[in-house]
Amino acid sequence: MLRTRVITALLLVAGLALILFALPPLAAVLAFAAIAALAAWEWGGLMGQGQPARFMYAFVLLLFCWQLTVGAPELVPVLLGISAAFWIFVVPLWFRYKWTLTGNDFFGYLLGALVILPTWAAMVALHAVDTWLMLAAMALVWVADIAAYFSGRAFGRHKLAPTISPGKTWEGVAGAVVGVLAYGGIVFSFSPLAGRLPLSIPVIVLMLVLLTAVSVMGDLFESLLKRQAGIKDSSQLLPGHGGVLDRIDALTSTLPLAALILYFLRT
(Lines give C-alpha, C1' and ligand atoms only; values in the text may rest on other atoms or scores of the structure.)
Protein backbone atom coordinates (compact mmCIF):
# COMPACT_ATOMS: atom_id res chain seq x y z
CA MET A 1 0.00 0.00 0.00
CA LEU A 2 2.85 2.41 0.81
CA ARG A 3 4.41 1.79 -2.60
CA THR A 4 1.05 2.40 -4.28
CA ARG A 5 0.53 5.62 -2.33
CA VAL A 6 3.99 6.88 -3.27
CA ILE A 7 3.58 6.08 -6.97
CA THR A 8 0.15 7.73 -7.07
CA ALA A 9 1.47 10.77 -5.22
CA LEU A 10 4.34 11.17 -7.68
CA LEU A 11 1.93 10.92 -10.61
CA LEU A 12 -0.35 13.50 -9.01
CA VAL A 13 2.57 15.89 -8.51
CA ALA A 14 3.67 15.39 -12.11
CA GLY A 15 0.12 15.93 -13.35
CA LEU A 16 -0.25 19.11 -11.30
CA ALA A 17 3.08 20.45 -12.60
CA LEU A 18 1.97 19.70 -16.16
CA ILE A 19 -1.32 21.54 -15.67
CA LEU A 20 0.20 24.56 -13.95
CA PHE A 21 3.38 25.08 -15.96
CA ALA A 22 3.10 23.30 -19.32
CA LEU A 23 -0.47 23.56 -20.55
CA PRO A 24 -1.81 26.68 -22.27
CA PRO A 25 -4.43 28.63 -20.27
CA LEU A 26 -7.48 27.12 -21.98
CA ALA A 27 -6.18 23.58 -21.54
CA ALA A 28 -5.54 24.30 -17.85
CA VAL A 29 -9.12 25.54 -17.48
CA LEU A 30 -10.37 22.32 -19.07
CA ALA A 31 -8.16 20.26 -16.74
CA PHE A 32 -9.59 22.09 -13.72
CA ALA A 33 -13.09 21.42 -15.09
CA ALA A 34 -12.27 17.71 -15.39
CA ILE A 35 -11.23 17.68 -11.72
CA ALA A 36 -14.52 19.36 -10.84
CA ALA A 37 -16.46 16.78 -12.85
CA LEU A 38 -14.74 13.88 -11.08
CA ALA A 39 -15.44 15.51 -7.73
CA ALA A 40 -19.10 15.92 -8.73
CA TRP A 41 -19.31 12.23 -9.68
CA GLU A 42 -17.96 11.33 -6.23
CA TRP A 43 -20.35 13.76 -4.56
CA GLY A 44 -23.23 11.83 -6.07
CA GLY A 45 -21.81 8.76 -4.36
CA LEU A 46 -21.87 10.55 -1.00
CA MET A 47 -25.56 11.17 -1.65
CA GLY A 48 -26.15 7.48 -2.33
CA GLN A 49 -27.04 8.08 -5.99
CA GLY A 50 -26.71 5.49 -8.75
CA GLN A 51 -24.25 5.75 -11.62
CA PRO A 52 -26.61 7.39 -14.17
CA ALA A 53 -27.46 10.20 -11.76
CA ARG A 54 -23.82 10.63 -10.78
CA PHE A 55 -22.64 10.92 -14.40
CA MET A 56 -25.46 13.33 -15.21
CA TYR A 57 -24.55 15.50 -12.25
CA ALA A 58 -20.90 15.58 -13.35
CA PHE A 59 -21.99 16.58 -16.86
CA VAL A 60 -24.26 19.36 -15.56
CA LEU A 61 -21.45 20.80 -13.44
CA LEU A 62 -19.18 20.73 -16.48
CA LEU A 63 -21.76 22.83 -18.32
CA PHE A 64 -21.85 25.29 -15.44
CA CYS A 65 -18.06 25.54 -15.53
CA TRP A 66 -18.15 26.33 -19.23
CA GLN A 67 -20.94 28.87 -18.79
CA LEU A 68 -19.04 30.69 -16.06
CA THR A 69 -15.92 30.77 -18.22
CA VAL A 70 -17.55 31.96 -21.42
CA GLY A 71 -20.89 33.51 -20.55
CA ALA A 72 -20.75 35.01 -17.07
CA PRO A 73 -17.23 35.49 -15.68
CA GLU A 74 -18.50 38.51 -13.75
CA LEU A 75 -20.41 36.10 -11.48
CA VAL A 76 -17.22 34.45 -10.22
CA PRO A 77 -16.60 36.95 -7.36
CA VAL A 78 -20.22 36.49 -6.26
CA LEU A 79 -19.77 32.73 -6.27
CA LEU A 80 -16.56 33.05 -4.25
CA GLY A 81 -18.33 35.28 -1.73
CA ILE A 82 -21.18 32.80 -1.30
CA SER A 83 -18.62 30.04 -0.81
CA ALA A 84 -16.77 32.02 1.87
CA ALA A 85 -20.02 32.72 3.71
CA PHE A 86 -20.93 29.03 3.55
CA TRP A 87 -17.66 27.85 5.07
CA ILE A 88 -17.41 30.55 7.73
CA PHE A 89 -21.04 30.69 8.87
CA VAL A 90 -22.95 27.60 7.69
CA VAL A 91 -20.44 24.77 8.10
CA PRO A 92 -19.99 25.35 11.87
CA LEU A 93 -23.77 24.95 12.21
CA TRP A 94 -23.54 21.81 10.06
CA PHE A 95 -21.03 20.35 12.51
CA ARG A 96 -23.26 21.26 15.45
CA TYR A 97 -26.50 19.79 14.10
CA LYS A 98 -25.00 16.98 11.98
CA TRP A 99 -27.18 17.65 8.94
CA THR A 100 -27.04 15.02 6.18
CA LEU A 101 -27.17 14.90 2.38
CA THR A 102 -29.76 12.14 2.22
CA GLY A 103 -33.49 12.68 1.96
CA ASN A 104 -33.44 15.72 -0.33
CA ASP A 105 -31.72 15.20 -3.67
CA PHE A 106 -32.16 18.79 -4.83
CA PHE A 107 -30.53 20.17 -1.69
CA GLY A 108 -27.69 17.65 -1.95
CA TYR A 109 -26.96 18.52 -5.56
CA LEU A 110 -27.15 22.25 -4.79
CA LEU A 111 -24.75 21.84 -1.89
CA GLY A 112 -22.34 19.89 -4.08
CA ALA A 113 -22.36 22.72 -6.60
CA LEU A 114 -21.69 25.18 -3.78
CA VAL A 115 -18.65 23.16 -2.72
CA ILE A 116 -17.24 22.20 -6.13
CA LEU A 117 -17.98 25.11 -8.48
CA PRO A 118 -16.23 27.78 -6.35
CA THR A 119 -13.21 25.49 -6.04
CA TRP A 120 -12.99 25.25 -9.81
CA ALA A 121 -13.56 29.01 -10.20
CA ALA A 122 -10.85 29.73 -7.62
CA MET A 123 -8.36 27.49 -9.43
CA VAL A 124 -9.06 29.28 -12.69
CA ALA A 125 -8.88 32.75 -11.10
CA LEU A 126 -5.65 32.11 -9.16
CA HIS A 127 -3.99 30.43 -12.13
CA ALA A 128 -4.92 33.35 -14.38
CA VAL A 129 -3.26 35.85 -12.03
CA ASP A 130 -0.09 33.89 -11.23
CA THR A 131 0.71 30.19 -11.36
CA TRP A 132 3.02 30.50 -8.38
CA LEU A 133 0.32 32.27 -6.40
CA MET A 134 -2.05 29.36 -6.99
CA LEU A 135 0.64 26.89 -5.99
CA ALA A 136 1.38 28.92 -2.86
CA ALA A 137 -2.30 28.81 -1.86
CA MET A 138 -2.41 25.06 -2.38
CA ALA A 139 0.86 24.58 -0.49
CA LEU A 140 -0.64 26.42 2.48
CA VAL A 141 -3.18 23.61 2.80
CA TRP A 142 -0.49 20.95 2.53
CA VAL A 143 1.66 22.68 5.16
CA ALA A 144 -1.33 22.93 7.50
CA ASP A 145 -2.13 19.25 7.01
CA ILE A 146 1.44 18.07 7.59
CA ALA A 147 2.00 20.34 10.60
CA ALA A 148 -1.32 19.25 12.13
CA TYR A 149 -0.43 15.59 11.67
CA PHE A 150 2.96 15.76 13.37
CA SER A 151 1.96 18.16 16.15
CA GLY A 152 -1.16 16.10 16.80
CA ARG A 153 0.86 12.91 17.08
CA ALA A 154 3.42 14.55 19.36
CA PHE A 155 1.19 16.66 21.60
CA GLY A 156 -2.42 15.71 20.85
CA ARG A 157 -4.56 15.37 23.98
CA HIS A 158 -7.79 17.25 23.36
CA LYS A 159 -10.04 15.94 20.60
CA LEU A 160 -11.21 18.46 18.02
CA ALA A 161 -14.26 16.59 16.74
CA PRO A 162 -14.30 13.05 18.16
CA THR A 163 -17.57 12.04 16.51
CA ILE A 164 -16.38 13.20 13.07
CA SER A 165 -12.63 12.54 12.93
CA PRO A 166 -11.31 11.00 16.17
CA GLY A 167 -7.66 11.46 15.19
CA LYS A 168 -7.79 15.26 14.97
CA THR A 169 -6.90 17.32 18.03
CA TRP A 170 -6.79 20.96 19.05
CA GLU A 171 -3.05 20.61 19.47
CA GLY A 172 -2.91 19.54 15.83
CA VAL A 173 -4.84 22.67 14.84
CA ALA A 174 -2.42 24.81 16.86
CA GLY A 175 0.48 23.12 15.09
CA ALA A 176 -1.18 23.82 11.73
CA VAL A 177 -1.48 27.52 12.59
CA VAL A 178 2.16 27.72 13.67
CA GLY A 179 3.28 25.86 10.55
CA VAL A 180 1.26 28.08 8.23
CA LEU A 181 2.50 31.26 9.92
CA ALA A 182 6.08 30.08 9.46
CA TYR A 183 5.32 29.17 5.85
CA GLY A 184 3.67 32.53 5.29
CA GLY A 185 6.66 34.33 6.73
CA ILE A 186 8.91 32.60 4.20
CA VAL A 187 6.54 33.21 1.28
CA PHE A 188 5.99 36.90 2.04
CA SER A 189 9.68 37.51 2.76
CA PHE A 190 11.83 35.42 0.43
CA SER A 191 9.76 33.86 -2.35
CA PRO A 192 9.10 35.35 -5.82
CA LEU A 193 5.74 36.47 -4.39
CA ALA A 194 7.42 38.73 -1.84
CA GLY A 195 6.23 42.28 -2.38
CA ARG A 196 3.45 41.25 -4.77
CA LEU A 197 0.85 41.61 -2.00
CA PRO A 198 1.81 44.66 0.08
CA LEU A 199 0.04 43.89 3.35
CA SER A 200 0.77 44.77 6.96
CA ILE A 201 1.95 41.99 9.27
CA PRO A 202 -1.28 41.91 11.34
CA VAL A 203 -3.36 41.56 8.17
CA ILE A 204 -1.11 38.78 6.88
CA VAL A 205 -1.35 36.91 10.20
CA LEU A 206 -5.16 37.27 10.27
CA MET A 207 -5.42 36.10 6.68
CA LEU A 208 -3.20 33.05 7.28
CA VAL A 209 -5.06 32.05 10.45
CA LEU A 210 -8.41 32.37 8.69
CA LEU A 211 -7.23 30.29 5.72
CA THR A 212 -5.88 27.65 8.11
CA ALA A 213 -9.19 27.52 9.98
CA VAL A 214 -11.25 27.00 6.85
CA SER A 215 -8.81 24.37 5.58
CA VAL A 216 -9.46 22.37 8.77
CA MET A 217 -13.21 22.81 8.27
CA GLY A 218 -12.99 21.57 4.68
CA ASP A 219 -11.21 18.43 5.84
CA LEU A 220 -13.69 17.83 8.67
CA PHE A 221 -16.70 18.50 6.45
CA GLU A 222 -15.85 15.76 3.97
CA SER A 223 -15.00 13.42 6.85
CA LEU A 224 -18.46 14.01 8.29
CA LEU A 225 -20.17 13.37 4.95
CA LYS A 226 -18.23 10.14 4.43
CA ARG A 227 -19.01 8.97 7.95
CA GLN A 228 -22.71 9.67 7.40
CA ALA A 229 -22.58 7.84 4.06
CA GLY A 230 -20.82 4.88 5.68
CA ILE A 231 -17.80 4.95 3.38
CA LYS A 232 -14.07 5.31 4.01
CA ASP A 233 -13.09 7.06 0.76
CA SER A 234 -15.04 9.17 -1.70
CA SER A 235 -14.00 6.70 -4.44
CA GLN A 236 -11.06 4.55 -5.53
CA LEU A 237 -9.99 6.71 -8.47
CA LEU A 238 -6.59 7.39 -6.91
CA PRO A 239 -5.00 4.10 -5.77
CA GLY A 240 -3.79 4.37 -2.21
CA HIS A 241 -5.32 7.82 -1.77
CA GLY A 242 -9.06 7.27 -2.22
CA GLY A 243 -10.84 9.73 -4.44
CA VAL A 244 -10.52 13.25 -5.81
CA LEU A 245 -12.62 14.70 -3.00
CA ASP A 246 -10.32 13.03 -0.49
CA ARG A 247 -7.37 14.91 -2.00
CA ILE A 248 -9.05 18.30 -2.42
CA ASP A 249 -11.29 18.36 0.67
CA ALA A 250 -9.37 21.17 2.40
CA LEU A 251 -8.82 22.95 -0.93
CA THR A 252 -12.57 23.23 -1.49
CA SER A 253 -12.80 25.57 1.49
CA THR A 254 -9.44 27.32 1.23
CA LEU A 255 -8.97 28.15 -2.45
CA PRO A 256 -12.26 30.07 -2.89
CA LEU A 257 -11.48 32.20 0.16
CA ALA A 258 -7.92 32.80 -1.07
CA ALA A 259 -9.24 33.83 -4.49
CA LEU A 260 -11.82 36.13 -2.88
CA ILE A 261 -9.13 37.82 -0.77
CA LEU A 262 -7.01 38.29 -3.88
CA TYR A 263 -9.99 39.76 -5.74
CA PHE A 264 -10.48 42.45 -3.07
CA LEU A 265 -6.76 43.19 -2.93
CA ARG A 266 -6.66 43.76 -6.69
CA THR A 267 -9.76 45.98 -6.90
When rounded to the nearest 0.5 angstrom, what is the spacing between [atom1] in [X] and [atom2] in [Y]?
X	Y	atom1	atom2	value
Leu101	Leu225	CG	CG	5.0 Å
Ser253	Glu222	OG	CD	11.0 Å
Asp233	Asp246	CG	CG	5.0 Å

Exceeds 12 heavy-atom contacts within 6.0 angstrom, atom [atom1] of [X]:
X	atom1	result
Trp94	CH2	yes
Ile201	CD1	no
Trp142	CH2	yes
Met207	CE	yes

With clusters defined by side-chain heavy atoms of hydrophobic residues (ILVMFWY) lying less than 4.5 Å apart, directly or transitively, does [Y] cluster with [X]?
X	Y	result
Leu245	Met47	yes
Ile7	Leu238	no
Tyr149	Val180	no
Phe95	Phe89	yes
Leu133	Tyr263	no

Within the 4.5 Å heavy-atom criterion, are [X] and [Y] side-chain neighbours or not?
X	Y	answer
His127	Phe32	yes
Val115	Phe86	yes
Phe221	Asp249	no

Side-chain H-bond candidate by donor/acceptor type, [X] with [Y], under 3.5 Å:
X	Y	answer
Ser165	Lys168	yes
Ser151	Glu171	no
Trp41	Gln51	yes

**Asked** So Gln228 and Thr100, side chain to side chain contact (heavy atoms under 4.5 Å, CB included) or not? Walk me through it.
**Response** CA-CA 7 Å; Gln228 291 173 339; Thr100 66; 3.6 Å; yes
**Prompt:** Less than 6.0 Å separating the ring centroids of Trp132 and Phe21?
**Reply:**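 Close enough - the centres of the two rings lie under 6.0 Å apart.
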**Asked** Can you name the nearest heavy-atom pair linking Leu80 to Pro118, along with the distance?
**Response**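 Answer, listing the atom of Leu80 first, then Pro118: CD2-O, 3.8 Å.
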**Message:** Restricting to non-hydrogen atoms, name the atom on Met217 and the atom on Trp87 that form the minimum distance, rounded to 0.1 Å.
**Reply:**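 So the minimum-distance heavy-atom pair works out to CE-O, 3.2 Å.
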